[in-house]
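Report on the structure given below.
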Amino acid sequence: MATAERTLLDGVPTKLFIGGSWVDASSGRTLDVIDPATGEVIASIADAGVDDGAKALDAAVAAQESWAATAPRVRGEVLRGAFDLLQQRKEDAALLMTLEMGKPLGEARGEVAYGGEFLRWFSEEAVRISGRYGTNPEGTGRMIVTQRPVGPTFLITPWNFPLAMATRKLAPAIAAGCTSVIKPAALTPLTTLFLVALLEEAGLPAGVVNVITTTSTRPVSSAIIADPRLRKLSFTGSTPVGVQLLKQAADNVLKTSMELGGNAPFVVFDDADLDQAVEGALLAKFRNIGQACTAANRFIVHESVADEFGRRLAERVKTFRIGRGTEEGVTIGPLIDDKAVAKVGSLVSDAVDRGATLLTGGSPIAGAGSFFEPTVLADVQAGSDILREEIFGPVLSITTFTDEADAVAKANDTEYGLVGYVFTQDLARGQRLIDSLDTGMMGLNTGVVSNAAAPFGGVKQSGLGREGGSEGIHEYLETKYVLTPDPFA
Ligand code: NAD
């Protein structure tokens, strides 16, 4: 490991953050964080138990009243301060993500920009929480509608976007006046610890945000979710885990936000600008080594352009440079672990066994780290697992369609509904697809949609609620209605 990497890692907190103090797990246990490009242990950090989770929630509950009463401008300025600190430390934040998660440094820098924007956006939204006042229809009273923070929150984040998934939840919670316990994925906890240290430096009062890192995920989380003092659960992760958590949250009637899995269609019509579609496809598929909920999972291409589209993509994919994300020029890093490599491998084998053509790639890469070749599969046959399951790896899978109705039917043939991508130069067709795609988001002639100013989220089994945009803060607010008699009566 390079000296600069070791120096950075030595400066990242390794303890739990509870009530404004960095503390060891009460059991003294630690968990190892691994660089997926080398298999090397890069840090050992506190591994919380159920009692640590309870203490974190105690701290969040204790801080709730005063944080809710803190002026919105002050809450916003803490977020803005953290945004500014992150800009000063952006290279460190990017390198840290590359080390613990594997994405190429250029993409990690992109995530710092994207993830940081939630701090800035919600620093601005904190002072725009509004209500309304008016006469009731009968004319006998005045109706007041106001917004209040929902109360203590539990935030659970995945490993694939370690910074952005944390800021997308923490920033609106802080802006709304909610306190939090955040639990990052045990695979990539360091970025959240780094971020929370910046929030602390920006003046966040003790107890407003508490961090627990743990391998005892289920017992620690279940105990927090069952605590009647908790008022909100926000989860980003896989649909099966989200379903379990929704069931647990139901027992406590928690307000919930669920950002779950995806199976995004990427539809290319015969009237598309193929150059633009190829560029969009490369971004929508290979960003984050394919490990994004928004990753295009099924390329549904008009039969007249499918061969040309596949050929051009395979040519480009063959030029990718695979390696440790810290190395200059690397475009494809490792998958998160060997389990992910095995899963991607089995999806590719199943597709090939059922008749797909391998245009390039197709195999795990032997040696240190969890690498899989960037892959393009053409003629993927109906019934293949790869069309049903989230691939979460660098595999681009192409099927064909005959007409618009066939394209729409194929695109919507999934229980997921996070995002869809459509490439066409026909404006009316594009507008029709806006209405007919069953997704929460859509990219029309673009392969990336995420933006802090936009409402991110899905329909069907891709989740509930929206993060970002003006909608994002409402996930952390409750509406209160007040009636008073007509003051002139
Ligand atoms: P995961 O569901 O395995 O884990 C997500 C988080 O939940 C982690 O912190 C994990 O420790 C925790 N967790 C796991 N089991 C739990 C349990 N029983 N109780 C409480 N917490 C539990 O998902 P992952 O592998 O970390 O992330 C990949 C998944 O996340 C993919 O399905 C991807 O599509 C989805 N994702 C969705 C979005 C979105 O915004 N919709 C964004 C990123 C990732």
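Ligands are counted one by one from 1 in listed order, and the atoms in each one are counted from 1 as well.
- Protein heavy atoms come within 4.0 Å of atom 26 (O) of ligand 1.
- At a heavy-atom distance under 4.0 Å, only side-chain atoms of L245, from C-beta outward, approach ligand 1.
- Judged by distance alone, the side chains of S370 and D337 never bring a donor and an acceptor atom under 3.5 Å apart.
- Looking at ligand 1, you'll find an N or O of S238 within less than 3.5 Å of one of its N or O atoms.
- Of all the heavy atoms in P104 and I332, the pair that sits closest is CG-N, 4.2 Å.
- Distance from atom 44 (C) of ligand 1 to its nearest protein heavy atom, with residue and atom name: N160 ND2, 3.4 Å.
- Among all protein heavy atoms, the one lying closest to atom 41 (N) of ligand 1 is L260 O, 2.7 Å.
- Between R321 and E327 there is a salt bridge, since a side-chain N of the basic residue sits under 4.0 Å from a carboxylate O of the acidic one.
- Taking any N or O of E390, backbone or side chain, at least one lies under 3.5 Å from an N or O belonging to ligand 1.
- No donor-acceptor distance shorter than 3.5 angstrom exists from the side chain of T414 to the backbone of N412, with no hydrogens or angles considered.
- Looking only at distances, no side-chain donor or acceptor of Q291 sits under 3.5 Å from a matching main-chain atom of L335.
- Applying the 4.0 Å criterion to heavy atoms of M165 picks out, from ligand 1, the atoms 42 (C), 43 (C).
- By the 3.5 Å distance cut-off applied to N or O atoms, V241 is not counted among the residues near ligand 1.
- Remark: the E100 side chain and the T191 side chain contain an N/O donor-acceptor pair separated by less than 3.5 Å.
- Each of the following atoms of ligand 1 lies closer than 4.0 Å to a heavy atom of R218: 18 (N).
- Put simply, the side chain of D24 never gets that close to the backbone of A46: no donor and acceptor are under 3.5 Å apart.
- If you check which protein heavy atom lies closest to atom 40 (O) of ligand 1, you get R168 NH2, 2.7 Å.
- For ligand 1, the polar-atom distance check against S462 finds no nitrogen or oxygen pair separated by under 3.5 Å.
- Taking 4.0 Å as the cut-off between side-chain N and carboxylate O, R388 and D385 count as a salt-bridged pair.
- The nearest heavy-atom contact from the protein to atom 11 (O) of ligand 1 is K183 NZ, 2.9 Å.
- Inclusion of T157 in the set of residues having an N or O under 3.5 Å from an N or O of ligand 1 is warranted.
- Under 4.0 Å from ligand 1, the heavy atoms of Q244 that appear belong solely to its side chain.
- Protein heavy atom in closest approach to atom 35 (C) of ligand 1: G237 O, 3.2 Å.
- Between F423 and F266, the distance separating the two ring centers is shorter than 6.0 angstrom.
- Every atom of ligand 1 is numbered from 1 in the order shown, and the set under 4.0 Å from a heavy atom of S221 is 20 (C), 21 (N).
- Against a heavy-atom cut-off of under 4.0 Å, I156 is close to the following atoms of ligand 1: 6 (C), 7 (O), 9 (O), 12 (C), 21 (N).
- Just one residue in the list I386, V380, L377 forms a side-chain contact (heavy atoms from CB on, under 4.5 Å) with V352, and that residue is L377.
- When non-hydrogen atoms are compared, ligand 1 lies under 4.0 Å from the backbone of P158 as well as from its side chain.
- The backbone N or O of M101 sits nowhere less than 3.5 Å from a side-chain atom of T188 that would complete a donor-acceptor pair.
- Contact annotation for F161 and ligand 1: no heavy atom of the residue comes within less than 4.0 Å of the ligand.
- The closest non-hydrogen atom to atom 36 (N) of ligand 1, taken over S257, C293, G440, comes from C293.
- Using a 4.0 angstrom heavy-atom cutoff, W159 counts as in contact with ligand 1.
- Under the 4.5 Å side-chain criterion, counting only non-hydrogen atoms from C-beta, T167 is not in contact with E117.
- Atom 21 (N) of ligand 1 has as its closest protein heavy atom T217 CG2, 3.3 Å.
- Between E107 and R287 there is no salt bridge, since no side-chain nitrogen of the basic residue lies less than 4.0 Å from a carboxylate oxygen of the acidic one.
- Taking 4.0 Å as the cut-off, Q248 does not count as a neighbour of ligand 1 on heavy-atom distance.
- With a heavy-atom cut-off of 4.0 Å, T294 does not touch ligand 1 at all.
- A donor-acceptor pair is defined here as one N or O able to donate and one able to accept, closer than 3.5 Å; no such pair exists between the side chain of R324 and the backbone of G369.
- Because its NZ or CZ atom is both nearer than 6.0 Å to the ring centre of Y476 and within 45° of the ring axis, K232 counts as a cation-pi partner of that residue.
- The closest non-hydrogen atom to atom 7 (O) of ligand 1, taken over Y416, F392, F456, F235, comes from F235.
- Regarding atom 5 (C) of ligand 1, its nearest protein heavy-atom neighbour is T236 O, 3.7 Å.
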